[in-house]
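Throughout, a chain's letter reflects where its sequence line sits, starting with A, and its residues are numbered from 1.
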Amino acid sequence: GQNIDQPTEMTATEGAIVQINCTYQTSGFNGLFWYQQHAGEAPTFLSYNVLDGLEEKGRFSSFLSRSKGYSYLLLKELQMKDSASYLCAAIKAAGNKLTFGGGTRVLVKP
Amino acid sequence: DAGITQSPRHKVTETGTPVTLRCHQTENHRYMYWYRQDPGHGLRLIHYSYGVKDTDKGEVSDGYSVSRSKTEDFLLTLESATSSQTSVYFCAVQGEEETQYFGPGTRLLVL
């Protein structure tokens, strides 16, 4: 079976840093995706971690620890436009199917 | 946007009516997916396709069927719509490095 957990909601201040955690229990785990979804829109791809460690893409970084079943998405220098839901999703080695967590809604305040 | 369109974008229908949603892609992707998204449940996989005429069930497939007669089109049919199928439906394709890219979504209201 698969179980993916992430906080429901987080609030942060413009210019600050926020870390969104995701824990997973996935048999045959192969990698971890992060997507951003603004209200009323489709999810858009942010990052994909297969190996342990930190991957940085501009203001966004994603970390994976396979041994701990843990990932986080780090958003730096928060902007108002970063207010959105952030979805964590795990992919198995076989099957090409994603299993999503419930999403974390991030509210950025001035 | 991976060249994905969905139609219709909004639909209101009555309980018991059959409904077909269309996903169209222009980039020849092999894998296509249908998800539904509901508050408190996140995105859940309904059905997916790994080629023309090749489809398989996802985690919430009851009450839904799919067809893929051409690479570019993946159809989702609600055989007899129920109020529990009121949702936002997203189509996705798999691009490079197993990454899925999503269409704009269809909002379905079943009265």
Side-chain angles (χ1 to χ4, degrees), chain A residues 1-9 20 22-51 55 57 60 62 64 71 73 84-106, chain B residues 1-7 9-10 21 23-25 27 29-51 54-61 66 74 87-109:
Chain A
Q2 300 188 77
N3 192 35
I4 300 176
D5 290 313
Q6 53 182 129
T8 304
E9 199 165 290
I20 306 168
C22 172
T23 59
Y24 62 89
Q25 293 174 316
T26 302
S27 56
F29 173 83
N30 195 52
L32 199 291
F33 287 87
W34 285 96
Y35 285 83
Q36 180 190 58
Q37 186 177 26
H38 285 100
E41 297 182 8
T44 56
F45 169 72
L46 288 177
S47 67
Y48 179 33
N49 293 68
V50 177
L51 302 175
E55 300 234 354
K57 275 188 192 179
F60 292 4
S62 56
L64 177 66
S71 173
L73 180 69
S85 289
Y86 292 86
L87 315 179
C88 165
I91 190 165
K92 287 187 163 186
N96 296 287
K97 296 188 287 185
L98 291 180
T99 300
F100 283 84
T104 300
R105 190 172 155 199
V106 172
Chain B
D1 64 358
I4 306 168
T5 56
Q6 293 185 230
S7 59
R9 294 293 313 280
H10 302 270
L21 308 182
C23 177
H24 179 78
Q25 55 130 337
E27 298 183 4
H29 295 289
R30 179 183 172 198
Y31 283 84
M32 298 183 74
Y33 306 81
W34 276 108
Y35 293 89
R36 61 178 289 174
Q37 187 173 39
D38 306 288
H41 289 280
L43 281 159
R44 292 180 291 174
L45 182 65
I46 305 171
H47 282 279
Y48 68 103
S49 170
Y50 46 96
D54 292 323
T55 65
D56 204 351
K57 295 179 179 180
E59 104 186 71
V60 290
S61 59
V66 288
F74 191 30
S87 187
V88 181
Y89 291 86
F90 287 102
C91 172
V93 300
Q94 186 185 69
E96 294 180 357
E97 294 189 338
E98 302 172 302
T99 302
Q100 291 187 20
Y101 298 94
F102 288 82
T106 295
R107 291 186 175 273
L108 177 67
L109 175 61

Asker: When heavy-atom pairs shorter than 4.5 Å are enumerated against chain B, which of Gly101(A), Gly31(A), Gly103(A), Ala42(A) gives the highest number?
Answerer: Ala42(A)
Asker: Do Phe102(B) and Tyr35(A) have ring centres separated by under 6.0 Å?
Answerer: yes
Asker: Where does Arg107(B) contact chain A at under 4.5 Å (heavy atoms): side chain, backbone, both or neither?
Answerer: side chain
Asker: Knowing that exactly one of His47(B), Gln100(B), Glu59(B) qualifies, which makes a side-chain hydrogen bond (donor to acceptor under 3.5 Å, both in side chains) with Tyr35(B)?
Answerer: Gln100(B)
Asker: What part of Leu98(A) lies closer than 4.5 angstrom to a heavy atom of chain B: side chain, backbone, both or neither?
Answerer: both
Asker: Non-hydrogen atoms of chain A under 4.5 Å away: do they reach the side chain of Leu43(B), the backbone, both or neither?
Answerer: both
Asker: Determine whether Tyr48(A) and Glu98(B) make a side-chain contact, defined as any pair of heavy atoms from C-beta on separated by less than 4.5 Å.
Answerer: yes
Asker: Does the side chain of Phe90(B) come within less than 4.5 Å of Gln37(A)'s, by heavy atoms?
Answerer: yes
